[in-house]
Amino acid sequence: MRVYNFGAGPAALPEEVIRNAQQELLEWQDTGMSVLEISHRSSQVKDLFAQVEGKFCSLLSIPENYQLTFHMAPARAQFAMIPMNLLANAQQKADYLVTGIWSKMAADEAKKYAQVNIAASSEDNNHTSLPERNDWQLQADAGYLYYTPNETVNGIAFNTIPEVGDVPLVADMTSYLMAEPFDISRFGLMYAGAQKNIAPAGLTIVIVREDLINNIQAITPKVFDYALLDEQNSLYYTPNVFAVYMAGLMCDWLERQGGLAAIAEVNHRKANKLYDYIDQEDFYRNQIKPSDRSFINVVFQLADDKLNDEFIAQAKSTANLVSLKGHRFVGGMRASIYNAMPEEGVDALIDFMRQFVKQHG
Ligand SMILES: *Cc1c(COP(=O)(O)O)cnc(C)c1O
């Protein structure tokens with residue numbers, strides 16, 4: 001029996017998508033072999049990569065002057081790859097907004113490859129509200145402004161794209177990409193590790209405006225070179241073909257749900273329900289400023305921390321709800337409600353939370 005998996009990543013995939021993969025796992029496309037075994041130099045894999053790229057371009061309405069590449073390094077490899085590819089050398093400047101643990105790690109890593117300026121930070125308030133736009137210290141000559149639209153661990157999010165003039169906006173969309181439609185042309189570069197909202201782990205998708213990557217740092221390893229990877233259609237080295245294949249099945253599933261606008265409606269409804277319940281019940285609380293709350297990773301605390309273990313154990317044993325434990329940096333609970341989490345899963349969580357209050361409130 002499948003559970004409702006609220007894990008932040010690797011995260012749940014729709015059962016239908018897993019069944020699609022299961023059906024053609026032994027033999028894929030009349031090749032007489034599995035997609036797990038086939039050569040990345042075969043015409044079938046070349047076609048697969050082109051098709052999956054096309055599916056992303058269509059779902060996200062990616063403009064012509066952007067390239068999309070599939071990388072097999074973890075999402076956090078981009079912390080270094082971005083300054084390496086966007087800045088000519090380590091003396092160039094870059095602005096960073098620190099609003100949670102992922103943007104903090106990105107800024108720290110980038111210091112090896114750029115002059116990093118922390119333009120604003122919410123560390124002072126423990127990442128419970130975003131720094132006011134008027135207080136950001138942006139540099140006119142920064143190569144880019146980096147931020148993390150949705151901080152997966154802290155549950156804090158930019159719910160609109162910041163206005164920053166001409167400086168290219170670079171975004172870690174690991175837990176956000178494909179959750180709702182947005183205007184790609186507002187960004188210079190965006191990327192997402194697949195294991196949150198797209199596919200199994202082992203794949204990172206990078207979308208970058210082509211004019212930004214002709215100034216690569218000399219130290220950049222070839223496997224990190226966006227332009228080279230694009231020239232080779234993401235087949236420069238031996239890729240995780242299965243993860244790209246799964247991303248394609250996920251895109252097909254999204255199309256069947258009605259595309260990003262339709263899934264976004266469900267996603268926002270799920271989050272609103274959960275926050276409404278948390279806000280009306282004294283037993284639970286969320287400390288993020290309401291306008292800065294994530295609609296994807298809902299963090300909440302119980303009135304009494306000593307009940308955490310019992311909450312987690314009972315959620316599993318009585319309601320089949322798993323992976324609700326918050327990140328060790330934040331504590332409490334976290335419900336990650338990506339595309340694959342059906343609305344019934346959120347309803348089941350709220351029902352369970354109500355039951356738990358009756359017993360312990
Ligand atoms: C999970 C996550 C990462 C790190 O992913 P890895 O593939 O483990 O490196 C980076 N940024 C955000 C926003 C994440 O949610």
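Order of appearance sets the numbers: ligands from 1, and atoms from 1 within every ligand.
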Discussion item. Could you check whether Glu343 pairs with Lys273 (Lys NZ or Arg NE/NH1/NH2 to Asp/Glu carboxylate O, under 4.0 Å)?
Written reply: yes
Worksheet item: Looking only at protein heavy atoms, which one is nearest to atom 2 (C) of ligand 1, and how far off is it?
Response: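 Checked against all protein heavy atoms, atom 2 (C) of ligand 1 sits closest to Lys196 NZ, 2.6 Å.
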Worksheet item: Nearest to atom 15 (O) of ligand 1, what protein heavy atom do you find, and at what distance?
Response: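 Here the closest protein heavy atom is Thr152 OG1, 2.4 Å.
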Worksheet item: Is it the side chain, the backbone, both or neither of Glu151 that has a heavy atom closer than 4.0 Å to ligand 1?
Response: neither
Just checking, is any N or O donor in the side chain of [X] or [Y] under 3.5 Å from an acceptor N or O on the other one?
X: Gln139; Y: Asp95; answer: yes
X: Asn65; Y: Asp211; answer: no
X: Tyr146; Y: Gln78; answer: no
X: Thr69; Y: Asp230; answer: no

Discussion item. If we ignore hydrogens and angles and just use 3.5 Å, is the side chain of Lys55 paired with the main-chain N or O of Glu255 as donor and acceptor?
Written reply: no
Worksheet item: Can a non-hydrogen atom of Gln195 be found less than 4.0 Å from any atom of ligand 1?
Response: yes
Worksheet entry | Per-atom contacts of ligand 1 with Ala75, taking only distances under 4.0 Å to non-hydrogen atoms |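 This gives 4 (C), 5 (O), 6 (P), 7 (O), 9 (O) as the contact atoms.
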Fill in: Numbered atoms of ligand 1 (with element) below 4.0 Å of Pro74, judged on heavy atoms
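Ligand 1 atoms under the 4.0 Å threshold to Pro74: 6 (P), 7 (O), 9 (O).
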Worksheet entry | Nitrogen or oxygen atoms of Asp172 and ligand 1 under 3.5 Å apart | yes
Discussion item. Would Arg76 count as a polar contact of ligand 1, with the cut-off being nitrogen or oxygen pairs under 3.5 Å?
Written reply: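 N/O-N/O distance below 3.5 Å exists for this pair.
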